[in-house]
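Reading through the structure tokens given below for one structure.
FYI, side chains are in, hydrogens and waters are out, and symmetry mates aren't considered; it's all heavy atoms of this structure. Computed from a predicted model, the values in this text were never measured in an experiment. This chain uses plain numbering: 1 for the first residue, then up along the sequence.
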Amino acid sequence: MTIPIFIGRWTPRILFSLRERPYRHGDLRRQLGSISQRMMTRTLRNLELAGLIARRETKSKTVAVEYSLTNVGKTIIAPLRGMCRWAKRYGRLVSAHVYAPVEINGIG
């Protein structure tokens, strides 16, 4: 069974980034690099709705938002590590077949 939340480029990266400690929104975005603000917000909301991350507002001089893995979110880290190992081992092989030209009825 495929869970739709795991389809996409940023979900695994965000989850893996949060594995060691919570991050404030801006720090997490810098950690990820080229993610747009819109995509970051959308992905964080979806992960929060799925129960994989928690959003916490801290009020000091300014309002800061911090994200962390929930207990359920922490359980996905081991499978993500397994997927990374698999991708390192077989990624080039699979990519070569996925992006190879396909011949259909002698055309291609």
With sequence neighbours excluded, what pairs up with Thr62 under the side chain to side chain contact (heavy atoms under 4.5 Å, CB included) test?
-> none
Contacts of Arg42 meeting side chain to side chain contact (heavy atoms under 4.5 Å, CB included) (sequence neighbours excluded), chain-then-number -> Arg38, Met39, Asn46
Distance in Å, [X] [atom1] paired with [Y] [atom2], rounded so as to fall on 0.5 Å steps:
X: Arg29; Y: Asp27; atom1: CZ; atom2: CG; answer: 12.5 Å
X: Leu28; Y: Ile14; atom1: CG; atom2: CD1; answer: 6.0 Å
X: Arg24; Y: Gln31; atom1: CZ; atom2: CD; answer: 15.5 Å

Salt bridge (charged side-chain N to carboxylate O under 4.0 Å, His left out) with Arg19: which residues, sequence neighbours excluded?
-> none
Counting N and O atoms only, with roles assigned by atom type, does the side chain of Thr58 sit under 3.5 Å from a partner on the main chain of Ala64, one being a donor and the other an acceptor?
-> yes
With the side chain counted from C-beta on, respond yes when Leu44 and His25 share a heavy-atom pair under 4.5 Å apart, and no when they do not.
-> yes
Close side-chain approach of Ser17 and Trp10, heavy atoms under 4.5 Å | no
N/O donor-acceptor pairs under 3.5 Å from side chains in residues 70-85, not counting sequence neighbours:
from: Thr70; atom 1: OG1; to: Gly51; atom 2: O; distance (Å): 2.6
from: Thr70; atom 1: OG1; to: Leu52; atom 2: O; distance (Å): 3.2
from: Thr70; atom 1: OG1; to: Val72; atom 2: N; distance (Å): 3.4
from: Thr70; atom 1: OG1; to: Gly73; atom 2: N; distance (Å): 3.0
from: Thr75; atom 1: OG1; to: Val72; atom 2: O; distance (Å): 2.5

Could you tell me which residues satisfy side-chain hydrogen bond (donor to acceptor under 3.5 Å, both in side chains) with Glu57, sequence neighbours excluded, listed by chain and number?
-> Arg55
Considering residues at least two apart in sequence or located in another chain, which fulfil the side-chain hydrogen bond (donor to acceptor under 3.5 Å, both in side chains) criterion with Thr41?
-> Gln37
